[in-house]
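Before any comments, here is the structure.
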Amino acid sequence: MITINIKVFDTKEQIAKEAAQMIATQIKSKPDSVLGLATGASPILTYEALIEMYKQNELSFKDVTTFNLDEYCNIPKNDKNSYYTFMHETLFNHIDIKEENVNFHDGNAADTEAECARYDALVEEKGGVDLQILGIGNNAHIAFNEPSDEFSKGSYKTKLTDSTIEANKIYFTESEMPQYALTMGVENICKAKSIILLAMGEKKAKAIKNMIKGEITPSVPASILQSHSDVTVLLDKEAASLL
Ligand code: PGA
């Protein structure tokens, strides 16, 4: 049986240090690595740790390519709440990555199916994701793959659930929280060679328990990770409290 590698830390900073070290090891062993990146609160300290490594001349992103997991529909690319903006403010503006090497779904594409096909084809063309960073939703979603009757395959347009809207609407102080997003599918995500999932806080404890100890079911999207051969889950004690 495949076992998910679980590491529990005392502080968020320790989680970030471990994740950043794993990412740095990946980039040093393959400078043109393809990284799958996540937005949300969970990876922010990891991105800060990577920026620090770059500033200390320990790490360069000049040949790295990135693909983000998802993007909201129907908000301008440069909106303060777009994931494009989040990633630039949180990471890309502070490191030597080339703008042409960072990739997002176009949440404003007129033909969303064509846009999703373009995105997935580009991931393949770049050789697939070497290392994927993931958060997990309170409802065990990964990217914007919400609990469902079947596991999604490639990228697609999804309607966000009330639970996700509730969790993310705090960021939308001046505009309406979008109801739709383009997201990589569960099958896309699982094609990554290695995966690191980060979770902190008590609110994530049930999702983490269901993901690791429950059956593999699309009603717990993250449970699919039990079938992947190289997943590391980095947790604080609160997120690990039900294991
Ligand atoms: P968070 O979100 O990192 O902001 O907790 C994770 C997610 O919803 O996937």
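What you see below is based on every heavy atom in this structure, not just the backbone, and it leaves out hydrogens, waters and symmetry mates. All ligand and atom numbering here is 1-based and tracks the order in the structure.
- Ring centroid separation for the pair Y119 and F67 comes in under the 6.0 Å cut-off.
- Considering backbone and side-chain N/O atoms, T39 never comes within less than 3.5 Å of an N/O atom of ligand 1.
- Protein heavy atom at the shortest distance from atom 6 (C) of ligand 1 is I136 O, 3.5 Å.
- Residue Y180 qualifies as open at atom OH: its count of foreign heavy atoms under 6.0 Å is 12 or below.
- Close contacts of ligand 1 with A41, meaning ligand atoms under 4.0 Å from a residue heavy atom, involve 1 (P), 3 (O), 4 (O).
- The contact set between ligand 1 and G40, taken as ligand atoms under 4.0 Å from a residue heavy atom, comprises 3 (O), 4 (O).
- Shown in contact with G137 at under 4.0 Å from a heavy atom are these atoms of ligand 1, numbered in order with element: 7 (C), 8 (O), 9 (O).
- The N/O atoms of A143, backbone and side chain alike, include none that comes under 3.5 Å of an N/O atom in ligand 1.
- Contact between K204 and ligand 1 is present, with at least one heavy atom of the residue lying under 4.0 Å from the ligand.
- For atom 3 (O) of ligand 1, the nearest non-hydrogen atom of the protein is S42 OG, 2.5 Å.
- In the model, Q56 has a side-chain atom that pairs as donor or acceptor with a side-chain atom of E52 under 3.5 Å.
- In this structure, M22 and L131 approach most closely via the heavy-atom pair O-CD2, 4.1 Å.
- Taking SG of C116 as the start and NZ of K153 as the end, the distance is 15.0 Å to the nearest 0.5 Å.
- Looking only at atom types and distance, the side chain of E48 has no donor-acceptor partner in the side chain of H94 under 3.5 Å away.
- For F172 and Y72, the ring centers are positioned less than 6.0 Å apart.
- Of the protein's heavy atoms, H141 NE2, 2.7 Å lies nearest to atom 8 (O) of ligand 1.
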